[in-house]
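Each remark here refers to the structure printed beneath this line.
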Amino acid sequence: MMRQSKRKRVTSPAADENGRGRDAGAGQEATRGAKTRKNVTAPRGASDSRKAEYHCWLMKSEPESRMEKGVDMKFGIEDLKAQPNQVACWDGVRNYQARNFMRAMEVGQEGFFYHSNCKEPGIAGIIKIVKEAYPDHTQFDPKNPHYDASSKKDDPKWSMVDVQFVRMLKRYISLAELKKLHQKHKTTAGPLRNMALFTRARLSVQPLTQEEFDYILTLEDENVEQEEREGDD
DNA sequence: GCCAACGTTGGC
DNA sequence: GCCAACGTTGGC
């Protein structure tokens, strides 16, 4: 019944809106309390062998209006920019893997702001984590589309982090472009060969390796035509 | 609006 | 703990 996960809706971040501060139910290890169920963190496409421990992220949000239980889910990168201090809390995630990734985030880490469920999906800009995981207050609000009646105040199920706008990408990097590269890289063992955007497409909060992150940043400076000719690189 | 992929639920 | 039914995500 719960929503899957993803998207965020505003709310002022403000350092302590819950007095109790992160830690309360939030926390450290993404992996640990987790084994109770099967979900959890383990990269499932991962024969990668490498324990990774991620430092870069990709977070999906919807830039176009869509009503869910009477509430507009729209929250694009322009909306983040418009927040006080250009900071917002990433509430509404209702998927264990995505939640666990948020719990693994550390202040200062960067991520991509990805536009999903829209005309042209893709990466719009860069954000950074400015507050570690703490309880997502929307889980306790019956009027919120992401209300979770099964979550107890003294043991919150869902967490969120605060993110801050860093900058727009120099050009929008579309899903289509990334997909072409991913496909190519699968055969050439290139940097995007295992990108979670494709191997775990439905995850709304996902990790990137440093290599993936850096490679995508190099695409910013490439002109698209050159890209289209492919075969280079 | 369709629907494939995949996460979740609940019966057994 | 398996697995079928069901619900959601999100590209197209």
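Here is how names work: the chains are called A, B, and so on, in the same order as the sequence lines, proteins then strands, and each is numbered from 1.
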Atom CG of Asn100(A) and atom P of dG7(B) are separated, to the nearest Å, by 13 Å
Hits for side-chain contact (heavy atoms from CB on, under 4.5 Å) against Val166(A), two or more places apart or cross-chain, chain-then-number order -> Glu110(A), Ile126(A), Lys128(A)
Rounded to whole Å, the NZ-P distance (Lys157(A) to dT9(B)) equals 7 Å
* Asked: Which part of the nucleic acid, if any, lies within contact of Lys119(A), taking any heavy atom under 4.0 Å across all strands shown: a base, the sugar-phosphate backbone alone, or nothing?
  -> nothing
Regarding Tyr114(A), tell me which of base, sugar-phosphate or nothing describes its non-hydrogen contacts under 4.0 Å with the strands shown.
sugar-phosphate
Taking atom types as modelled, is there a side-chain donor on Asp214(A) or Gln210(A) under 3.5 Å from an acceptor on the other? yes
Residues at least two apart in sequence or cross-chain that pass side-chain contact (heavy atoms from CB on, under 4.5 Å) with Ser150(A), listed by chain then number, are Asp148(A), Lys157(A)
Between CD of Glu64(A) and P of dT9(C) the distance, given in whole Å, is 17 Å
- Taking the six-membered ring where the residue is Trp, are the ring centres of His185(A) and Tyr215(A) under 6.0 Å apart? yes
In whole angstroms, the gap separating P of dG11(C) from NZ of Lys179(A) amounts to 8 Å
Row check, Phe198(A) ring normal vs Lys179(A) NZ/CZ: under 6.0 Å, within 45°: no
Taken to the nearest whole Å, CG/Leu203(A) to P/dT9(C) is 12 Å
>> So, does Tyr96(A) get its side chain near the phosphate of dC6(B), meaning an N or O under 4.0 Å from OP1 or OP2?
In response: no
Between CG of Leu197(A) and P of dG11(C) the distance, given in whole Å, is 8 Å
Check nucleotides 3-5 of chain B for protein N or O atoms closer than 3.5 Å to its own N or O atoms and list the pairs.
| from | atom 1 | to | atom 2 | distance (Å) |
| --- | --- | --- | --- | --- |
| dA5(B) | N3 | Arg202(A) | NH1 | 3.2 |

- Query: How about Trp57(A) and Tyr114(A): are their ring centres within less than 6.0 Å of each other?
  - Reply: no
Ranking dT8(B), dG10(C), dG11(C) by distance to the side chain of Lys60(A), first place goes to dG10(C)
note: His115(A), atom NE2; dT9(C), atom C1'; distance rounded to Å ~ 17 Å
message = Quick check with a 6.0 Å cut-off and a 45 degree axis cone: is Lys143(A) positioned over the face of Tyr147(A)'s six-membered ring?
response = no
From CZ of Arg66(A) across to P of dT8(C) the rounded distance in Å is 11 Å
